[in-house]
Protein chains: 2
Amino acid sequence: MVTKKDIKFINSLKHKKFRHLNSSFIVEGKKSIAEFLDSDYELIKLFSVDCSIFNKIKNQIKIDKSLLRKISFLINPDDHLAIFKLSDAKPIDNNNLIIALESIRDPGNLGTIIRTCEWFGIKDIICSMNSVDCYSPKVIQSAMGSVSRVNITYLDLDTYLKSTKTIKIGASLNGKSIYQHNKSLDNGIIVFGNEANGISSGLFKLMDFNLSIPRFQNNNFPESLNLASSVGIILGEIKRKSI
Amino acid sequence: MVTKKDIKFINSLKHKKFRHLNSSFIVEGKKSIAEFLDSDYELIKLFSVDCSIFNKIKNQIKIDKSLLRKISFLINPDDHLAIFKLSDAKPIDNNNLIIALESIRDPGNLGTIIRTCEWFGIKDIICSMNSVDCYSPKVIQSAMGSVSRVNITYLDLDTYLKSTKTIKIGASLNGKSIYQHNKSLDNGIIVFGNEANGISSGLFKLMDFNLSIPRFQNNNFPESLNLASSVGIILGEIKRKSI
């Protein structure tokens with residue numbers, strides 16, 4: 001049975017505060033839920049319109065479509081909604097290439113970046129404390145299951161970058177062309193700044209060097225690329241050199 | 001003065017049907033409006049909280065913030081909202097590299113793709129008729145002004161691809177690695193399929209060859225990349241070869 005309290009609880013998980021207070025977050029859709037079930041995340045409860053899909057799952061409650069619409073965060077809910085337990089990030093592995101994000105605001109961007117990072121074999125993403133929460137429903141949705149496998153750590157980026165000896169590369173509009181940087185990068189931290197403002201001046205000073213994606217246009221438009229696209233293009237180029 | 005009829009008219013422009021019936025679309029925000037004013041698009045009317053910003057524009061009406069909130073499509077409106085006249089796409093230039101999109105659904109993806117295409121010097125984007133409308137407010141917003149400069153043509157993609165002799169390259173999950181394709185592409189059409197299903201089997205048959213972005217992961221996850229990210233990564237790699 002689904003009580004009013006359950007519905008209220010699920011709705012509260014839209015908000016970061018309640019997700020962290022209750023160590024719980026929502027995953028929707030058959031595919032994403034299957035990927036989280038296969039991961040280290042622990043299922044708290046699964047609500048299904050059709051219980052035959054995840055028939056081995058015990059903490060499962062059958063609900064009808066109208067109730068699903070009530071509890072879902074999606075416009076077109078996908079038959080299943082699961083509550084998983086938040087877990088702490090694992091230690092960061094400095095032997096691999098790491099992506100660091102400063103003050104990232106857009107949940108769709110973060111989700112896409114997590115998905116892209118997994119595609120390119122990145123195991124660790126570091127986010128500044130004021131970045132959007134990776135357990136936000138929109139991040140989970142646009143990351144398409146990748147949040148279950150990529151290690152995402154929130155920390156004081158300034159302190160972390162000052163304390164680590166790993167090479168630090170800024171992604172900026174005024175760096176060296178990614179096409180001219182001929183070394184492969186098997187480790188190091190590539191830092192991407194906020195969508196509107198780029199890397200802050202404080203962090204910028206900590207970079208060993210900066211890389212840019214050249215613009216193939218001579219009218220100075222557009223001013224910049226979308227952040228998630230930039231991460232993809234830079235990783236595509238860096239990983240090419242590792243083959 | 002702003003009448004109730006004006007407000008109703010602006011609200012109707014959320015919908016593709018009314019945009020095309022009235023040959024009008026909305027651009028919001030100082031930067032994007034400035035870029036459209038600098039383009040071939042014709043301004044119909046500009047609503048400004050602060051008329052000093054575009055002080056040379058005659059078709060300008062001063063409004064207050066509360067009215068702006070009423071007519072704006074944004075959660076945080078940006079002081080200016082303009083109505084521009086829709087214009088027909090220009091002829092497609094087959095001497096340049098062209099990006100074709102089949103059944104693209106997500107307005108944020110289309111906007112990001114238009115912005116990325118402009119960055120990489122693409123002049124023409126072709127969309128299948130059932131693709132999301134490039135004058136949708138969300139596309140205009142995520143394209144950051146690039147809709148004013150990139151030529152976007154909606155047409156029957158199947159008929160067009162059958163009729164053109166230009167080389168046709170499919171972006172798919174099972175093509176040749178973009179890193180192994182060593183020729184530069186100064187012209188040709190790169191076709192990207194729908195977000196969920198990729199290129200349809202009908203169009204797939206028309207491709208001369210297919211290109212893929214290699215996955216640097218051996219667990220088959222994630223299943224795919226975000227569409228806009230894929231466009232960026234493929235263009236980043238193709239343009240590298242043209243330097």
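Heavy-atom basis, side chains included; hydrogens, waters and symmetry copies ignored. By convention in this document, chain letters (A, B, ...) are assigned in the order of the sequence lines, proteins followed by strands, and residues within each chain are numbered from 1.
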Distance (rounded to the nearest 0.5 Å) between [X] [atom1] and [Y] [atom2]:
X: A:Leu225; Y: B:Phe120; atom1: CG; atom2: CZ; result: 6.0 Å
X: B:Arg115; Y: A:Phe221; atom1: CZ; atom2: CZ; result: 12.5 Å
X: A:Asn109; Y: B:Asn226; atom1: CG; atom2: CG; result: 9.5 Å
X: B:Ile233; Y: A:Arg240; atom1: CD1; atom2: CZ; result: 13.5 Å

Sort out for me which of A:Gly108, A:Pro222, A:Ser230 touches chain B most, counting heavy-atom pairs under 4.5 Å.
->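 Among A:Gly108, A:Pro222, A:Ser230, the one with the most close pairs to chain B is A:Pro222.
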
More than 12 foreign heavy atoms under 6.0 Å from [atom1] of [X]: is that the case here?
X: B:Phe204; atom1: CZ; value: no
X: B:Tyr154; atom1: OH; value: yes
X: B:Asn55; atom1: CG; value: yes
X: A:Lys241; atom1: NZ; value: yes

Stepwise side chain to side chain contact (heavy atoms under 4.5 Å, CB included) test for A:Gln217 and B:Glu118 | CA-CA 7 Å; A:Gln217 267 285 65; B:Glu118 184 181 29; 3.4 Å; yes

Look only at the side chain of A:Trp119 and the backbone of B:Pro214, and say whether a donor-acceptor pair between them is shorter than 3.5 Å.
->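 Yes; at least one donor-acceptor contact below 3.5 Å.
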
Which residues in residues 89-99 of chain A have a heavy atom less than 4.5 Å from any heavy atom of chain B?
->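 Interface residues of residues 89-99 of chain A: none, nothing closer than 4.5 Å to chain B.
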
Which heavy-atom pair separates A:Ser229 from B:Ala228 by the least distance, and what is that distance?
->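 Closest approach of A:Ser229 to B:Ala228, heavy atoms only: OG-O, 4.2 Å.
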
Passes side chain to side chain contact (heavy atoms under 4.5 Å, CB included), A:Phe216 versus B:Ser242? Steps please.
-> CA-CA 10 Å; A:Phe216 288 75; B:Ser242 73; 3.9 Å; yes

Side chain, backbone, both or neither of A:Ser224 within contact of chain B (heavy atoms, under 4.5 Å) =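 Its backbone and side chain both get close to chain B.
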
What option among B:Glu35, B:Lys239, B:Met144, B:Lys31 has the most heavy-atom pairs under 4.5 Å with chain A?
->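 Of the options given, most contacts go to B:Lys239.
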
Quick one: of B:Val231, B:Thr116, B:Ile122, B:Ile113, who has the most non-hydrogen atom pairs under 4.5 Å with chain A?
->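 The residue among B:Val231, B:Thr116, B:Ile122, B:Ile113 with the greatest pair count is B:Thr116.
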
Residues two or more places apart in sequence or in another chain: which of them pass ring-ring contact (aromatic ring centres under 6.0 Å, His included) with B:Phe36?
->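 With sequence neighbours excluded, B:Phe36 shows a ring-ring contact (aromatic ring centres under 6.0 Å, His included) to B:Phe25, B:Tyr41, B:Phe84, given in chain and number order.
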
